[in-house]
Amino acid sequence: MPHFPAITQENGHGKNDTMSDGKETIINWYPGHMAKARRQMQEDMKVIDVVVELVDARIPYSSKNPDIDKLAAGKSRVILLNKADMADPSVTALWKTHYESKGFVVAAIDARVSNGLKTVNDCIMAACKEKLERDRRRGILNRPLRAMIVGIPNVGKSTFINSFAGKAVAKTGNKPGVTKGRQWIRLNKQVELLDTPGILWPKFESAEVGRRIAWIGSVNDQILVSTEMAEQLLVFLMSEYPGTVGAYYGIDEVDDTVKERGAEMLSRIAVRRGCLRKGGEADLERAANMVTDDFRNVRIGRISLEKP
Ligand code: G4P
């Protein structure tokens with residue numbers, strides 16, 4: 001597989017990350033990509049009123065790009081905790097309160113279903129309240145708010161736009177100032193959405209953040225799905241959601257006094273699920289892939305990986 005140059009701390013966009021087993025986190029983002037995405041977004045920012053940022057509800061901190069505050073300076077802001085159907089609802093509620101306390105308008109959504117359109121519309125209106133009042137005072141009426149969706153790869157931007165465009169009445173033509181080919185999707189009388197999302201780069205500020213992004217599968221993980229990654233996930237699950245993994249696989253969990261707790265649990269799962277090599281030895285790699293896949297497909301449960 002191609003090995004892209006790592007993002008470095010020096011260029012101010014994050015840093016390359018190393019898992020504790022010494023394997024590098026391979027990131028699909030390198031400075032060329034980021035510079036292009038940033039330029040595009042700076043252009044688009046000029047013509048929009050409100051930035052609707054999608055984050056992954058399972059990792060609302062780690063999936064939030066740190067530079068967006070600078071890029072979106074002066075714009076109204078909405079945060080959508082997407083894939084909320086996969087996250088722990090009680091933790092999602094904490095995140096909603098957390099980001100609201102920082103001045104964002106926040107909603108938890110599942111971008112695959114378009115019945116949240118009213119919620120999102122209300123969020124956009126609430127975030128732009130002051131602008132709408134200003135417009136009204138100046139006698140500007142019925143000018144739709146222009147919104148742009150932004151987020152790191154795989155967070156659900158295209159899904160969101162497709163769901164919402166499906167309900168939208170019609171596409172409006174090009175607007176001056178927007179790159180040719182850019183289109184506005186008219187959601188209703190009040191809101192227009194830029195049809196192309198802004199792609200942000202994930203932050204890799206620590207091994208912990210890198211690991212969480214890897215666990216949910218948002219980085220290229222041909223290398224990342226390692227037994228170590230699955231073992232760390234198992235330790236997290238047994239600590240934060242005790243009983244959940246054991247119940248799913250139908251085995252006892254390993255208690256926290258055991259030194260290689262994750263490895264021991266992975267081995268138990270391998271045996272239980274018949275992931276065995278010739279000769280009967282546990283095939284830990286196969287078990288690791290299975291556990292990761294079960295986690296990502298919410299078979300183990302609705303789990304949040306970080307709290308505010
Ligand atoms: P992006 O444009 O931000 O890169 O993300 P995209 O819409 O392509 O969504 C990535 C994957 O996440 C898609 O799965 C999509 O169906 C899924 N997804 C998006 N929003 C939600 C949500 O709210 N809940 C759930 N459960 N899934 C969501 P996919 O097409 O199957 O891709 P993949 O699973 O093969 O990566």
Side-chain angles (χ1 to χ4, degrees), residues 1-9 11-31 33-34 37 53-69 79-88 91-92 95 98-99 111 149-160 197-237 240-241 262 288-289 291-298 300 302-308:
M1 70 178 279
H3 186 132
F4 292 116
I7 297 165
T8 61
Q9 186 85 56
N11 64 24
H13 301 312
K15 66 178 178 182
N16 188 34
D17 211 348
T18 306
M19 296 298 205
S20 53
D21 61 358
K23 275 179 190 150
E24 249 183 22
T25 303
I26 306 299
I27 307 167
N28 264 321
W29 282 94
Y30 60 95
H33 266 150
M34 289 197 296
E53 185 180 5
L54 258 65
V55 297
D56 191 302
R58 295 165 297 175
I59 48 168
Y61 171 76
S62 298
S63 59
K64 194 172 182 326
N65 169 286
D67 291 343
I68 185 65
D69 294 335
I79 291 183
L80 298 179
L81 301 162
N82 190 38
K83 307 199 186 185
D85 57 295
M86 304 174 99
D88 179 339
V91 178
T92 300
W95 280 108
H98 171 78
Y99 281 129
I149 302 298
V150 302
I152 66 168
N154 211 38
V155 78
K157 296 177 296 299
S158 323
T159 307
F160 177 87
I199 303 172
L200 296 166
W201 42 99
K203 66 179 143 199
F204 286 92
E205 60 176 34
S206 68
E208 201 56 40
V209 164
R211 198 175 294 134
R212 289 171 188 162
I213 292 174
W215 281 345
I216 66 163
S218 272
V219 281
N220 188 338
D221 62 8
Q222 276 161 288
I223 286 182
L224 284 171
V225 177
S226 59
T227 51
E228 169 132 9
M229 191 179 115
E231 287 166 15
Q232 288 166 340
L233 177 61
L234 287 169
V235 171
F236 171 88
L237 294 170
E240 299 297 323
Y241 291 89
N289 281 311
V291 167
T292 307
D293 195 62
D294 287 338
F295 170 75
R296 288 179 184 165
N297 287 291
V298 206
I300 296 175
R302 290 175 64 173
I303 285 154
S304 294
L305 296 173
E306 57 195 21
K307 285 182 185 156

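Note that the structure is predicted; figures quoted are calculated from it, not measured.
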For this session: Return yes if some donor-acceptor pair links the side-chain N/O of R211 with the main-chain N/O of M229 below 3.5 Å, else return no.
Result: no

Problem set entry | Gap between atom CG of N297 and atom OG1 of T292 - 0.5 Å precision | 11.0 Å

For this session: Check the pair M86, D56 against side chain to side chain contact (heavy atoms under 4.5 Å, CB included), reporting the backbone distance first and the verdict last.
Result: CA-CA 9 Å; M86 304 174 99; D56 191 302; 5.8 Å; no

Problem set entry | E208 vs L305 side-chain heavy atoms within contact, under 4.5 Å | no

Exercise. Side chains of I79 and V55: closer than 4.5 Å at any heavy-atom pair?
Worked result: yes

Exercise. Got F160 and N82 here, is their nearest side-chain heavy-atom distance under 4.5 Å?
Worked result: no

Exercise. Hey, what do you get for CG (L200) to CG (D67), rounding to the nearest 0.5 Å?
Worked result: 8.5 Å

For this session: Check whether the side chains of N289 and D293 place a donor and an acceptor atom closer than 3.5 Å, and report yes or no.
Result: no

Problem set entry | Shortest non-hydrogen contact from W95 toward P308 | CZ2-N, 3.4 Å

Exercise. Would a distance-only check, ignoring hydrogens and angles, find a side-chain to backbone donor-acceptor pair under 3.5 Å from K203 to Y61?
Worked result: yes

Problem set entry | Value rounded to 0.5 Å, distance of NE2 in H98 from OG1 in T92 | 13.5 Å

Problem set entry | Minimum heavy-atom distance between A57 and S304, given as atom pair plus value | O-OG, 4.2 Å

Problem set entry | Within-4.5 Å side-chain heavy-atom neighbours: W201 and N65 | yes

Problem set entry | Interatomic spacing from OG1 in T227 to CG in L234 - rounded to 0.5 Å | 11.0 Å

Exercise. Rounded to the nearest 0.5 Å, how far does CG of L233 lie from CD of E228?
Worked result: 12.5 Å

Exercise. Got a second to check how far I199's CD1 is from S158's OG, nearest 0.5 Å?
Worked result: 7.5 Å

For this session: Applying side chain to side chain contact (heavy atoms under 4.5 Å, CB included), run through F236 and I303 and close with a yes or a no.
Result: CA-CA 11 Å; F236 171 88; I303 285 154; 4.2 Å; yes

For this session: Looking only at non-hydrogen atoms, find the nearest pair between A111 and G156 and report the distance.
Result: CB-O, 4.1 Å

Exercise. Is the backbone of R58 close enough, under 3.5 Å, to the side chain of R212 for a donor and an acceptor to pair up by distance?
Worked result: no

Problem set entry | Minimum heavy-atom distance G217-N154, with the two atoms named | O-ND2, 3.7 Å

Problem set entry | Beyond-backbone contact of S62 with E306, side-chain heavy atoms, under 4.5 angstrom | yes

For this session: Taking R302 for its side chain and D88 for its backbone only, find out whether a donor-acceptor pair lies under 3.5 Å.
Result: no

For this session: Compare every heavy atom of I300 with every heavy atom of F295, then report the nearest pair and how far apart it is.
Result: N-CD1, 3.8 Å

Seminar exercise, completed: Correct closest heavy-atom pair for K157 and I152 would be NZ-O, 2.7 Å

